[in-house]
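Counting convention: from 1, in listed order, for ligands and their atoms alike.
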Amino acid sequence: MNLRPKNGDRLRLLNAFVFLVFCNLYYTTNAQKTVRYDLVVRDTSVAFAGVTKHAISVNGQIPMPTLYFTQGDTAEIVVHNKLKQSTSLHWHGLFLPNEFDGVPNVTQMPIEPDSTFIYRFPIIQSGTHWYHSHSGLQEQIGMYGMFIMSKKEDDSTFRANIDDIQSINLILSEWTNLKPENVHRMLHNATDWFAIKKGSTQSYAEAIQQGYFKTKVGNEWKRMTAMDVSDVYYDKVLFNGNSDLVYNKFKAGDRVRLRIANGGASSYFWLNYAGGKMTVVANDGNDVEPVEVDRLLIAVSETYDVIITLPQDSVAYEFRATSEDRTQTVSIWIGNGIRKLANPLERLKYFEGMKMMNSMMNMDGSLDDMGMNMSLNQMDMNVVMYPEITGPIDKQKNPKDTTQNYRSNELSDITTLNYSMLRAPNSTILPADSTLTLRFELSGNMNRYVWSMNNKVVSESDKILIRKGQNIKMIIYNGSMMRHPMHLHGHDFRLLNGQGFNAPLKNIVDIMPMETDTLEFNANIEGDWFFHCHILYHMMSGMGRIFAYENQSKNPKLTNPKLANRNLMWEDRRPHFMIHNGFETNGNDGEAMLTSTRWTLSTEWRLGYHAMHGYEIETHLGRHFGKMQWFMPFIGYDWRYRTRGINFQEENIFGQSDTKDTRKSFSIGFQYTLPMLVKLEMEYFTNGTFLVQLKREDIPISKRLRSSFIVNSDKEYMIGMRYIMTRSISVSTHYDSDMGWGAGITVMY
Ligand SMILES: [Cu+2]
């Protein structure tokens, strides 16, 4: 103890405090114990990756403080919002009254700046959980923390040598020096900046160099852009907000329970340990029968409890987390001495992944699992990209039949955890009642960054009404090309994984592309409960649903349901803005665009420096149809001005002539994405002329070189090149049949 009161006043205060604590303890041993935390949310600055950036701290720290409770306590958590924006806190995986679930505009009104909100709920479960902001993108910049609930020692489920050993709490997160709002905007504008940063552009030059030219052409023929296992490039990944933590008090033979939560906004992490196997003892806060593995992949927002053993003294063993795209790692060191490294994970073989995707993708954009009935992460298609399982990149040899490799996960001597290995210690069978079966397809497309369920986002779908007491079974198929960690609020579900009565209880299920998983839960607590993808940028794009109970009582914390609903709908309807402009020697060329789930409003301009070349501005408002959104009918307005003279008539390939010197014309038409990602535009103008146009943007020539072209029935054409220098600046050049050759720089936002 280092309490050193400097004067009598302090001592008296301390005595009074001790007395109060004593009274409190006396009281609580005889009644229910209330555990109170005050959480002060403030703006702050951090330099996690070299540059000072805005973040959000709670009680002055990132991550937020770890909150500890014991089953039977009452939690009283007082949130003081000192931000300039509203906030909220969601208690991930907890069973609690709906009004304290912490989803703004669904279970409560947002906590406004300079106001306070009290979350008060009984602790009726135990295990490793976590909590985070559910407001906007705040989770990405600091608002994540651990939430640990201990069992009472007389609990019948208490496990000796598991529940009573020393533990380390670890929460994973990622950090980007970009504002998360900007990350989200860039994703919606099909940026390839993240791919450039990760080295995963998969350009034609790289394809040719590695012997995958045909694969690349096949990929673009099927209208796919470069494939990756994750969307965002991060500058750093962190354990408890640190990049190199040391736990040196442990000795040989010690067993340590690592309680790990993935508080990352969009990254999955591989976990492995230099001191041997890890024993998984809990998942999503629920006990499972111990199972030994070499490694596991923790999905966004999952928690795992693993036990590791220290083999020797004088060695510090690495426990390492590697982001799924393998661009970043973070480690802790357990033990004291020479550092022993865990096996590193080499770079992904992206072109092998592309080849695999090509073989699975139908021309209509749907996926074909070739009758493999995949589920529960048992068959990880991505193993074709893992050098540690399918061998290193071999530039000489073109690997033969990739389908042979899909099963090599089972052949490898590395034991990777999958969901079928999780078994609850006791029966988890649901109470007998009627069952409502719901089917969902996880849908979306990477090109426009649209993520949905059954091709509908939250604002396009109704709440799903369920009845208290009934059992809900969900059969979920992932028909999209990304994996999705689907999270249910307020309930645990049984993941049907072949373990019979002992199906594990979870609140997150990670579903890989082409997998089907079945889960079931008992509807035992009324309220509006969110079910959504936990990749923050997928959720914010509308990938979710809300469950509501029939005839449920009004939520006292949702004081203005109309306003709440409007705010909620706005979340995935909000349009994203982008603009680029080339400042070149022959003029200005550019485009500005607003896009949302179904709509695009875009304006293109070509402004010559000479009146003879003129000015041209074309505006289109279009709506995207179909799951892959390849078809977009639009209405348009075209304005042109130039001074070539009335006698300068131009004729299109249909024999129609037009001076175009001062053209003001409305149009209707459509755009359709053809194989090779070429956009076909057919447009009819109110002055009676037709236009047929083909265009392709951003052909990835090399890592940073992009090419584009336009050709149309007015006998106009354009060909351009740009070299990407930074996120916002490219050096560019183009030749235009109207304006001639030009060069300069292109600025993008
Ligand atoms: Cu998702």
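Taking the salt bridge (charged side-chain N to carboxylate O under 4.0 Å, His left out) definition, one finds that E526 meets it with nothing, sequence neighbours left out.
Relative ring orientation between H132 and H92 is described as tilted, the plane-to-plane angle lying within the 30° to 60° band.
No more than 12 heavy atoms of other residues, nucleotides or ligands lie within 6.0 Å of NZ in K456, so this atom counts as exposed by the packing criterion.
Contact annotation: H534 places no N, O or S atom under 2.8 Å from the Cu ion (ligand 1).
Taking the centre of each ring, H538 and H184 stay at or above the 6.0 Å mark.
Within H538, the N/O/S atom positioned nearest the Cu ion (ligand 1) carries the name ND1. The Cu ion (ligand 1) sits nearest to atom ND1 when only the N, O or S atoms of H484 are considered.
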